[in-house]
Asker: 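Have a look at the structure that comes next, please.
Bear in mind the structure is a predicted one, so any value in this text is a computation, not a measurement.
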Amino acid sequence: MKKSPLTRSLFLFIFFLLFTSGCSFGSEGASDEPPVFSPLQVLVPAADGKEVIGNAPVILDVSNKEQGYMVVQTDASSSRVNIQMTGPDGVLYSYFVDPGEDAVIPFTSGDGSYQILCYEQIGGDKYAALYSNTLEIALENPYLPFLYPNQYVDFSPESEACILAQSMLPEDATDVEALDAIYTYVTSNITYDEEKAQTVEAGYLPDIDETLHTGTGICFDYAALITAMLRARDIPCKLQIGYTSDIKHAWIDVYIRSRGWVNQAISFDGETWTRMDPTFESNAEDAESMQDYIGDGDNYTTQFTR
């Protein structure tokens, strides 16, 4: 299949990235790198019960908080619960969990204090407070929250998307080669679902294997699928949720080892930087004008990092 102009530009971006030192890609130092797993691993969250907060109908298992997540466990006989968490960056995150379900919630704001409030649904959109707590988080590695699955980027070693990602290239392929292969695959095989975009309900969560099977999805599905596939290759990836102009949107930030975070997954075509936004790249009828829009950082406003 013929590669798109943006895919071809990715190779130029990599060359420029590796041999140019004048651009900033994040605050983390090169010596503070993500963990390296051999063989490749799909990380699996655990609820060990060694350290828990609260009691029925909702328990927070924080046994592995240094790994960058906690597990919410709810009582099957209870109502829906709402977990509200504010991290050291001051951003309020809200997670809803159905009765009898578990959910992985990441500490994407990094080290520091997290204020947690738990609520139980008492009818309609009314919730009653159950308890509150403050967690002090000191991550074992700052990239772990972006390698594990969570409620918004849900996957496991058995997920077809993860199996595909690990089989696409040999284990010793670079993260750049994996990024190019996964990005090219998703943008070449998944089409935008206009009807779904018009009818999707609040609280929608992506199903990465369903997106893979149907070959369709909205921006949230695109971003979640690529995020899961990259994490399955041990490549830290942030699913970013926010707005392009005044339109709700989702995109990805990717970590290039030894260089840092590539925000909005930008690429360089030899003259200008552009965003490697998977939704826009796969659906742009007017590629030139779309790339002009994607390349304008002012059009992107991040609300949440998952």
Side-chain angles (χ1 to χ4, degrees), residues 26-29 32-37 41-54 58-74 81-97 101-119 130-156 203 205-206 208 220 223-224 227-228 230-232 234-242 250-255 260-263 302-306:
S27 59
E28 291 85 356
D32 191 11
E33 291 288 306
V36 176
F37 302 102
Q41 291 186 26
V42 175
L43 300 185
V44 180
D48 302 332
K50 297 176 182 177
E51 183 179 357
V52 299
I53 297 173
V58 56
I59 295 173
L60 308 181
D61 191 313
V62 296
S63 304
N64 299 286
K65 58 182 183 294
E66 73 282 352
Q67 292 290 304
Y69 67 87
M70 67 179 177
V71 179
V72 179
Q73 301 173 311
T74 63
V81 301
N82 174 228
I83 312 298
Q84 295 191 8
M85 182 172 71
T86 304
D89 58 2
V91 177
L92 173 63
Y93 286 79
S94 184
Y95 295 86
F96 291 89
V97 186
E101 298 291 330
D102 292 351
V104 178
I105 295 180
F107 300 120
T108 55
S109 301
D111 293 349
S113 295
Y114 288 74
Q115 307 297 321
I116 300 173
L117 299 172
C118 295
Y119 299 86
L130 295 175
Y131 57 85
S132 63
N133 202 287
T134 300
L135 273 179
E136 294 297 329
I137 301 299
L139 297 174
E140 183 178 295
N141 184 292
Y143 305 97
L144 286 171
F146 312 110
L147 288 170
Y148 275 98
N150 59 55
Q151 189 187 50
Y152 279 69
V153 188
D154 191 12
F155 58 90
S156 73
L205 295 173
I208 61 168
F220 200 177
T227 299
L230 288 171
R231 291 182 185 181
D234 298 335
I235 299 174
C237 184
K238 297 178 181 179
L239 170 61
Q240 303 285 30
I241 300 171
W251 60 94
I252 58 173
D253 291 351
V254 180
Y255 188 84
W261 284 105
V262 182
N263 298 325
T302 301
Q303 281 189 304
F304 307 110
T305 300
R306 307 291 189 178

Asker: Between Asn150 and Val104 (side chain of the first, backbone of the second, donor and acceptor by atom type, cut-off under 3.5 Å), is there such a pair?
Answerer: no
Asker: Tell me every residue that passes side chain to side chain contact (heavy atoms under 4.5 Å, CB included) with Asp154, counting only those two or more places apart in sequence or in another chain.
Answerer: none
Asker: Nearest 0.5 Å, what's the OG1-CG distance between Thr227 and Asp253?
Answerer: 9.0 Å
Asker: Which atom pair, heavy atoms only, marks the closest approach of Tyr131 to Val58?
Answerer: OH-O, 2.8 Å
Asker: Suppose we screen for ring-ring contact (aromatic ring centres under 6.0 Å, His included). Which residues come up paired with Phe155, at least two apart in sequence or across chains?
Answerer: none
Asker: What closest approach, in Å, do Phe304 and Leu92 show between heavy atoms, and which atom pair accounts for it?
Answerer: CE2-O, 3.2 Å
Asker: Quick check for you: to the nearest 0.5 Å, what is the distance between Ile252 atom CD1 and Gln240 atom CD?
Answerer: 10.0 Å
Asker: Hey, do the aromatic rings of Tyr255 and Phe146 have their centres closer than 6.0 Å?
Answerer: no
Asker: In Å and rounded to the nearest 0.5 Å, what is the CG to OG1 distance from Leu117 to Thr86?
Answerer: 7.0 Å
Asker: Closer than 3.5 angstrom, by distance alone: can the side chain of Gln151 be matched with the main-chain N or O of Phe96 as a donor-acceptor pair?
Answerer: yes
Asker: Shortest non-hydrogen contact from Gly54 to Ile59?
Answerer: O-CG1, 4.2 Å
Asker: Just by modelled atom types, is the Ser109 backbone N or O under 3.5 Å from a matching donor or acceptor in the Asp89 side chain?
Answerer: no
Asker: Looking only at heavy atoms, which two atoms of Leu239 and Ala224 are closest? And how far apart?
Answerer: CD1-N, 4.1 Å
Asker: Run the numbers on Tyr152 and Ile241 for side-chain contact (heavy atoms from CB on, under 4.5 Å), then give the verdict.
Answerer: CA-CA 10 Å; Tyr152 279 69; Ile241 300 171; 4.0 Å; yes
Asker: Within the side chain of Thr108, is there an N or O that forms a donor-acceptor pair under 3.5 Å with the backbone of Thr305?
Answerer: yes
Asker: Can you name the nearest heavy-atom pair linking Cys237 to Leu230, along with the distance?
Answerer: SG-CD1, 3.8 Å
Asker: Who passes salt bridge (Lys or Arg N to Asp or Glu O under 4.0 Å) against Glu51, sequence neighbours left out?
Answerer: Lys65
Asker: Asp111: which residues meet the side chain to side chain contact (heavy atoms under 4.5 Å, CB included) condition with it, sequence neighbours left out?
Answerer: Leu139
Asker: Is Arg231 reaching over with its side chain to a backbone N or O of Pro149, donor-acceptor style, under 3.5 angstrom?
Answerer: no
Asker: For Ile116, give me all partners under side chain to side chain contact (heavy atoms under 4.5 Å, CB included), at least two apart in sequence or on another chain.
Answerer: Leu60, Met70, Ile83, Met85, Cys118, Leu135
Asker: So Ser156 and Val44, do their side chains get closer than 4.5 Å, heavy atoms only?
Answerer: no
Asker: List for me each residue that meets side chain to side chain contact (heavy atoms under 4.5 Å, CB included) alongside Pro35, sequence neighbours excluded, and say none if there are none.
Answerer: Phe37, Asn141, Leu144, Leu147
Asker: Considering non-hydrogen atoms only, spot the tightest contact between Gly87 and Tyr114 and give its length.
Answerer: CA-CD2, 3.6 Å
Asker: Quick one: is the NZ or CZ of Arg306 closer than 6.0 Å to the six-membered ring centre of Tyr95, and within 45° of its axis?
Answerer: yes
